[in-house]
Protein chains: 2
Amino acid sequence: MTETRPDPLKPYRKGPFAEDCAPRRLLRLFSGKWVTMVLHALHLMGGAARPGSLQRNLPGISKKMMTQTLRELQDLGIIERVVLQTMPPAVEYRLTALGQRFIEPLEMLYCWGEENRALLDQLTEN
Amino acid sequence: MTETRPDPLKPYRKGPFAEDCAPRRLLRLFSGKWVTMVLHALHLMGGAARPGSLQRNLPGISKKMMTQTLRELQDLGIIERVVLQTMPPAVEYRLTALGQRFIEPLEMLYCWGEENRALLDQLTEN
DNA sequence: CTGTATCCTCAGAGATACTG
DNA sequence: CAGTATCTCTGAGGATACAG
């Protein structure tokens with residue numbers, strides 16, 4: 001117990017390409033299958049949307065992955081869950097101020113991808 | 001044998017957030033654990049580098065993942081494998097013209113990440 | 001030094017059914 | 001409609017030993 005073993009994360013912390021450097025953390029955030037799509041959709045929908053609406057706009061996502069992704073983004077402080085005081089009560093998710101900031105690099109990527117579709121098509125498919 | 005089952009990819013192909021739209025393909029390319037780090041390192045090293053050198057600059061990557069990532073990028077036409085006619089012969093990998101183009105969005109992300117380290121630190125860690 | 005071949009683990013992702 | 005709870009499974013990622 002309390003064995004003295006080498007920190008398994010240590011090797012990642014050295015050098016100019018450290019595993020947990022800022023850019024890498026951004027890339028990790030974007031590496032989930034649905035995170036970027038949910039954020040992008042949320043952005044296109046004006047920064048706020050109801051779960052059902054989101055799900056209908058993201059064909060292929062399961063209810064589980066939708067909830068899971070929303071929860072993750074919520075825990076990160078990127079979106080917030082708001083209970084609307086309507087009758088009957090409704091739920092919607094909104095980009096936070098922090099979340100809005102992360103839309104910037106995401107939209108950069110989306111724009112680049114759309115403008116350079118030709119390059120992406122050029123990639124040898126396998 | 002040639003069963004007639006519903007195309008499992010079909011649902012992803014519909015709607016404005018299609019799974020295989022250009023921006024998504026770019027994001028998928030960048031979602032591998034080492035792809036972006038290898039490309040970024042290669043870029044910082046002048047667009048060409050020997051495998052051993054790359055590996056020393058990417059602490060934590062195993063030889064297997066190194067080879068695998070290089071092979072993948074090579075198959076996509078993003079990098080090329082060059083055998084140097086030296087004595088003894090040596091190998092190096094170079095960004096192709098196509099590959100150079102993909103450096104653009106990647107460096108965008110890296111820059112954004114570095115300039116916005118504060119925002120990334122602000123994410124509620126869990 | 002470069003690259004391959006195995007084997008293994010575990011987390012991400014999905015299918016399904018159930019609860020307010 | 002929103003959300004939870006299980007169960008399953010594929011495959012990305014990693015460790016290790018071997019080969020040219």
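First the proteins, then the strands, lettered A, B, ... as listed; each starts at 1.
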Could you name each residue pair satisfying side chain to side chain donor-acceptor pair (under 3.5 Å) that touches residues 60-71 of chain B, not counting sequence neighbours?
B:Arg71-B:Gln74

Apply side-chain contact (heavy atoms from CB on, under 4.5 Å) to B:Leu95 and B:Ile103, showing your working.
CA-CA 9 Å; B:Leu95 283 170; B:Ile103 294 297; 3.8 Å; yes

Nearest-0.5 Å distance, CZ of residue A:Arg24 to OG of residue A:Ser31
8.0 Å

What string of B, S and - do you get for nucleotides 4-13 of chain C, 5' to 3', when a contact is any protein heavy atom under 4.0 Å?
B-B------B

Let me know the distance between CD of B:Glu92 and P of C:dT2, rounded to the nearest Å.
11 Å

Given C:dC1, is OP1 or OP2 found less than 4.0 Å from the side-chain N or O atoms of B:Arg50?
no

Would you say B:Arg81 reaches C:dT2's phosphate, i.e. side-chain N/O to OP1/OP2 under 4.0 Å?
no

Applying ring-ring contact (aromatic ring centres under 6.0 Å, His included), which residue pairs with at least one partner in residues 61-102 of chain A are found, sequence neighbours left out?
A:Phe102-B:Trp112

Start with the C-alpha distance between B:Leu54 and B:Leu70, add both sets of side-chain angles, then the distance that settles side-chain contact (heavy atoms from CB on, under 4.5 Å), and finish with yes or no.
CA-CA 10 Å; B:Leu54 265 177; B:Leu70 289 172; 4.1 Å; yes

Not counting sequence neighbours, which residues clear salt bridge (Lys or Arg N to Asp or Glu O under 4.0 Å) with B:Arg94? List them please.
B:Glu92

Same hydrophobic cluster for B:Val91 and B:Leu84, using side-chain heavy-atom links shorter than 4.5 Å among ILVMFWY?
no

To the nearest 10°, give me the bend of the helix from C:dC1-D:dG20 to C:dG20-D:dC1, comparing the axes of its five terminal pairs at either end.
40°

Using atom CG of B:Leu70 as one end and atom C1' of C:dT2 as the other, report the distance to the nearest whole Å.
11 Å

Gap between atoms CD and P, on B:Glu72 and C:dG3 respectively (whole Å):
16 Å

According to the salt bridge (Lys or Arg N to Asp or Glu O under 4.0 Å) rule, which pairs have a member within residues 96-110 of chain A, sequence neighbours left out?
A:Arg101-A:Glu104

